[in-house]
2 protein chains.
Amino acid sequence: MSAQDDTTTQTPDEGTGPRYARIQKILESRLRDGTYPVGSLMPTEIELAAEFDTSRFTVREALRHLTETGFVERRQGLGTRVISTEPQMRYSQTFDSLQELFQVAVETYYVVMHTEEVVLDKALAEVVGGKAGETWTRVEGVRWTEPGGRPLAFIESYVPARFAKYVPEFQGHQGAFFSLLESHSAVPIDECEQEISAAPMPEKAQRYLGLAPGAIALQLLRRYHSSEGVVIASCNWHPAEQLSYKMHIKRNRGQG
Amino acid sequence: MSAQDDTTTQTPDEGTGPRYARIQKILESRLRDGTYPVGSLMPTEIELAAEFDTSRFTVREALRHLTETGFVERRQGLGTRVISTEPQMRYSQTFDSLQELFQVAVETYYVVMHTEEVVLDKALAEVVGGKAGETWTRVEGVRWTEPGGRPLAFIESYVPARFAKYVPEFQGHQGAFFSLLESHSAVPIDECEQEISAAPMPEKAQRYLGLAPGAIALQLLRRYHSSEGVVIASCNWHPAEQLSYKMHIKRNRGQG
DNA sequence: TCGCGGTAAATGTATGGACATTAATGGCAG
DNA sequence: CTGCCATTAATGTCCATACATTTACCGCGA
């Protein structure tokens with residue numbers, strides 16, 4: 001309700017383009033100016049439809065775009081929660097496809113090199129998404145094109161203690177861990193954060209992968225979440241020449 | 001129409017979950033087995049609705065998911081074109097937001113270090129998305145936090161000859177090039193490909209950025225496309241410690 | 001031959017309604 | 001106090017329908 005800067009009268013009737021796009025712009029401006037604070041629930045579809053004098057369908061289109069753009073998160077039975085006041089790289093995907101999306105894990109084989117229990121210190125807890133003092137299992141391994149084939153990546157994985165009993169299953173597993181853990185423990189995995197960065201290849205990884213000192217790695221840190229927290233955190237080191245991340249960003253037509 | 005492997009009878013009535021999801025799975029399997037080849041047009045919404053004995057709305061939901069997953073591309077007046085037989089990292093976004101998405105370019109300043117004309121050889125043509133033999137302008141520069149501030153990245157940009165006249169505008173520009181080119185030339189930019197990889201920091205970049213030899217870079221190759229082809233290709237080298245790419249991948253609830 | 005305009009066909013936008021599914025809530029029984 | 005259950009409210013799914021907008025295409029005229 002700030003009186004300043006109100007050149008944008010809050011009606012979807014001005015401007016051009018589809019109505020849902022105009023409503024979307026209004027809602028975005030409200031998100032930015034704090035009308036709908038982060039963490040709060042936005043008005044319901046019915047309320048917004050009434051406010052903008054339009055149908056629920058049109059409001060849903062606007063909200064769908066806000067979801068795809070990473071501003072809000074919607075849950076059946078709950079509502080529309082504000083998660084950001086600016087767009088995010090957020091990628092929505094069905095689960096089976098998600099597994100295929102992480103190309104490297106599919107049709108490749110994992111070999112466990114080393115396993116140990118660790119108590120999380122503060123720094124490690126932050127990385128894996130756990131709490132300091134908890135006991136987790138740390139697994140070192142290498143992913144291969146095929147058993148006895150060419151090594152692809154060095155992987156360090158962390159799982160909470162309650163999943164430790166499934167770790168032996170990792171040995172020789174084809175595919176991603178998270179699907180294995182999910183099927184064995186019946187804990188559904190809802191989302192995954194991924195952080196891509198560049199880093200020197202760790203010394204141990206150089207040995208396992210047969211690389212010269214000074215090798216460069218594309219480093220992928222992934223945290224797989226169930227509703228109760230992180231189920232697996234893994235850090236993958238891929239030789240820089242062997243992996244790159246391609247994205248295709250497409251402009252929505254007609255919204256200039 | 002392969003007779004083998006036909007455990008999936010092609011009706012959406014089996015299985016559980018929403019009907020559009022079942023239809024989506026059937027369509028995905030057809031994409032994979034070549035029933036709808038890459039480059040071809042899929043049946044229209046009306047035809048699919050008739051085949052699956054459902055409404056156009058439900059078919060649209062299935063196709064919307066295929067679009068978000070990167071299998072197909074839809075154009076009003078044309079149809080649904082198959083662009084891939086497996087899911088892709090495809091990110092749809094409005095344009096204003098896209099600029100914000102490429103965080104680094106916003107509220108930073110670009111300084112041109114060097115400009116020259118180059119004739120594309122075959123390898124370079126492939127990288128920038130042009131044709132061998134064409135003349136492009138190559139621009140070297142550095143992006144800074146503020147004029148005279150801290151250097152953030154070394155950037156090598158290529159623009160086709162017809163845009164060369166706008167290159168002087170790059171000097172001291174705040175924001176991304178593509179928005180500058182777009183506003184000056186009135187050529188709308190539809191999409192952007194991005195490839196993220198790890199690489200050694202080029203020697204020239206080490207000098208410009210004041211880094212020690214052996215520094216590691218997160219390398220971003222971007223191609224901005226208009227309908228007529230690549231408008232800008234740029235390769236950015238960021239010090240590995242200063243940049244990472246975070247993604248949030250969310251599972252569609254209720255599709256196990 | 002070239003360009004212009006009309007037409008058909010496809011997706012895009014929008015309405016209004018109905019019912020399903022999920023999640024929080026509060027009350028009741030143990 | 002705890003646990004189960006009915007209620008309520010929100011989004012999710014689905015229908016039939018209409019019109020708008022974009023694109024490809026064909027034919028006509030200059």
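Order of the sequence lines sets the chain letters (A, B, ...), proteins ahead of strands, with each chain counted from 1. Since the model is a prediction, treat every value here as computed from it, not as a measurement.
Taking only side-chain nitrogens and oxygens, A:Arg64 never comes nearer than 4.0 Å to OP1 or OP2 of D:dG12. Phosphate contact (OP1/OP2 of C:dT15, side-chain N/O of A:Thr58, threshold under 4.0 Å): present. Taking 4.0 angstrom as the limit, A:Arg19 places none of its side-chain polar atoms (N or O) nearer than this to OP1 or OP2 of C:dT13. Here B:Tyr20 reaches the OP1 or OP2 of D:dT13: one of its side-chain N or O atoms lies under 4.0 Å away. Dashed line: the shortest gap from a side-chain N or O of B:Thr80 to OP1 or OP2 of C:dA10 is not under 4.0 Å.
No more than 12 heavy atoms of other residues, nucleotides or ligands shown are found within 6.0 angstrom of CG on B:Asp53.
For the pair B:Leu41 CG and D:dA24 P, the interatomic distance rounds to 10 Å; values are reported in whole Å. Rounded to whole Å, the distance from CZ on A:Arg60 to P on C:dT13 is 16 Å. Regarding A:Gln76, its CD atom lies at a distance of 13 Å from the C1' atom of D:dC14, rounded to whole Å. Summarising the geometry, the separation between CZ on A:Arg75 and C1' on C:dT21 is reported as 13 Å, rounded to the nearest angstrom. Rounding to whole angstrom units, CD of residue B:Glu45 and P of C:dG12 are separated by 6 Å. For the pair B:Phe57 CZ and D:dG12 P, the interatomic distance rounds to 11 Å; values are reported in whole Å. Between the CZ atom of A:Phe52 and the C1' atom of C:dA14 there is a distance of 16 Å, rounded to whole Å. Remark: C1' of C:dT13 and CD of A:Gln24 are 14 Å apart, rounded to the nearest angstrom.
Interface remark: the B:Arg56 side chain does form a donor-acceptor pair with the C:dG12 base, using a distance-only criterion of under 3.5 Å.
When each of B:Leu78 and A:Leu78 is assigned the nucleotide of DNA chain C with its nearest heavy atom, B:Leu78 is the one assigned upstream, toward the 5' end. Where A:Gly77 and A:Thr54 meet DNA chain C, the nucleotide closest to each residue was compared, and A:Thr54 sits on the side nearer the 5' end.
Inter-residue side-chain proximity for B:Lys246 and B:Ser244 is flagged as met; some heavy-atom pair is nearer than 4.5 Å.
Salt bridge B:Glu61/A:Arg64: present, at least one basic N to carboxylate O contact under 4.0 Å.
Proximity note for B:Ser55 (side chain, C-beta onward) versus C:dA14, D:dC14, C:dT22: the nearest is D:dC14.
Between A:Phe170 and A:Phe177, a ring centre-to-centre spacing shorter than 6.0 Å is recorded.
Here the options are B:Arg32, B:Lys25, B:Arg30, the test is side-chain contact (heavy atoms from CB on, under 4.5 Å), and the partner is B:Glu28; only B:Arg32 passes.
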